[in-house]
Amino acid sequence: MLRIAIDGPGGAGKSTIAKLLAKELGIDYIDTGAMYRAAALKMTRLGIPAEDPEAVEEALATTLIDFDKGSIWLDGEEVNEAIRTPEMGGLASAYSALGCVRTKLGERQKEMGQTKDCIMDGRDIGTNVLPDADAEFKFYLTASAEERARRRYKELVEKGQDVNYEKILADINERDYNDMHRELNPLCKADDAIEVDTTAMTIDEVIAYLTGVIKGNAQ
Ligand code: DC
């Protein structure tokens, strides 16, 4: 099997890179962050805060989160756009610290990783979802917080949103802190992952490097 784990902090380019690489290799792309975002969207709509884990667990028991036709579906509704806001990113980070959320989504991700060749990106893929040798290749993508904030700022401005760079940078630093310091499956580099600092790299350069490693002609 060919399973590739890509972890790293928000805005390091994981999903852009994973999507392109999956296309190039002809395998599935599984965006695990989208699953946490969909769970956060559902809880927000129901008005259940992350401070009430029992209610979150109960609501999650009847929640369906899945990928189909290149989209993410929440209880049968396509939510690609609805989950892709800075607010939902912060909320996903908060709900993802709960054990019931991590167990439910993590189990589903492990299942998906057992049945097909895929690239999965997230925060705990190399350490928890596809640990040890479960993934044939593991990468840990990073970039400076300032560069990640610049990328996110550009992306949101291009979408026509009214955004503030300093606020984006502050949100990135806060989310890094939360994702790296939570008790359960915190963001960290797996011992056997290759770290790639993308601060000064273009997307094409990152893809060329990762493809080289996968095809065995770079390390
Ligand atoms: O990659 P993203 O920004 O879409 O992820 C949103 C949040 O979901 C992230 O801040 C933490 C959480 N997450 C996680 O805990 N584990 C994963 N494997 C993926 C995302």
Side-chain angles (χ1 to χ4, degrees), residues 3-19 21-22 28-44 50 53 56 60 63 65-67 71-74 79-113 118-131 134-135 138-143 145 147-149 151-153 155-156 159 168-190 193 198:
R3 282 155 310 177
I4 301 167
I6 302 186
D7 289 301
K14 296 186 303 291
S15 59
T16 307
I17 301 293
K19 219 177 284 172
L21 207 51
D28 278 13
Y29 165 50
I30 300 167
D31 175 355
T32 66
M35 298 171 76
Y36 287 95
R37 286 171 181 259
L41 177 62
K42 168 93 179 230
M43 297 309 140
T44 312
V56 171
L60 264 188
T63 299
I65 294 171
D66 228 329
F67 291 102
S71 291
I72 174 102
W73 301 80
L74 170 64
V79 291
N80 292 344
E81 291 296 314
I83 60 167
R84 222 34 81 193
T85 64
E87 291 79 4
M88 218 37 77
L91 287 163
S93 177
Y95 288 100
S96 74
L98 301 179
C100 60
V101 177
R102 300 214 69 79
T103 303
K104 167 132 179 168
L105 300 188
E107 277 172 5
R108 179 84 190 94
Q109 291 157 13
K110 283 180 189 182
E111 235 173 67
M112 292 192 278
C118 62
I119 295 186
M120 247 189 233
D121 80 340
R123 302 293 186 288
D124 64 337
I125 309 306
T127 51
N128 173 52
V129 177
L130 299 172
D134 281 12
K138 294 183 185 178
F139 298 101
Y140 188 81
L141 293 195
T142 61
E147 175 60 19
R148 288 184 282 131
R151 290 177 190 168
R152 182 114 319 154
Y153 176 81
E155 185 187 321
L156 293 171
K159 278 190 191 165
I168 292 175
L169 180 59
D171 286 349
I172 280 185
N173 282 323
E174 186 186 345
R175 189 125 75 91
D176 282 358
Y177 184 87
N178 291 339
D179 291 347
M180 289 174 181
H181 291 85
R182 66 173 177 233
E183 201 178 321
L184 304 166
N185 316 129
L187 168 64
C188 68
K189 180 183 135 358
T198 71

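Residue numbers count from 1 along this sequence. First listed ligand is number 1; within each ligand, the first listed atom is number 1.
- Every N/O-N/O distance between Asp121 and ligand 1 stays at or above 3.5 Å.
- Counting protein heavy atoms only, atom 8 (O) of ligand 1 is closest to Tyr36 CB, 3.5 Å.
- In this structure, Met120 falls outside the shell of residues with a heavy atom less than 4.0 angstrom from ligand 1.
- A salt bridge (charged side-chain N to carboxylate O under 4.0 Å, His left out) check over residues 82-107, counting only residues at least two apart or in different chains, returns the pairs Asp31-Arg84, Arg102-Asp124.
- Less than 4.0 angstrom separates some heavy atom of Ala92 from each of these atoms of ligand 1: 6 (C), 7 (C), 8 (O).
- Of the protein's heavy atoms, Ser96 OG, 3.5 Å lies nearest to atom 12 (C) of ligand 1.
- Take Asp66 and apply the side-chain contact (heavy atoms from CB on, under 4.5 Å) test, not counting sequence neighbours, and it matches Arg108.
- Residue contacts with ligand 1 for Met88 are absent, since no atom lies close enough (heavy atoms, distance under 4.0 Å).
- With respect to Arg123 and Asp179, a salt bridge is recorded, a charged nitrogen being found less than 4.0 Å from a carboxylate O.
- A heavy-atom separation below 4.0 Å is found between Arg102 and ligand 1.
- A donor-acceptor pair is defined here as one N or O able to donate and one able to accept, closer than 3.5 Å; no such pair exists between the side chain of Arg148 and the backbone of Ile172.
- The main-chain N or O of Asp121 is found under 3.5 Å from a side-chain atom of Thr32 such that the two form a donor-acceptor pair.
- No side-chain donor-acceptor contact under 3.5 Å links Thr198 to the backbone of Ala143.
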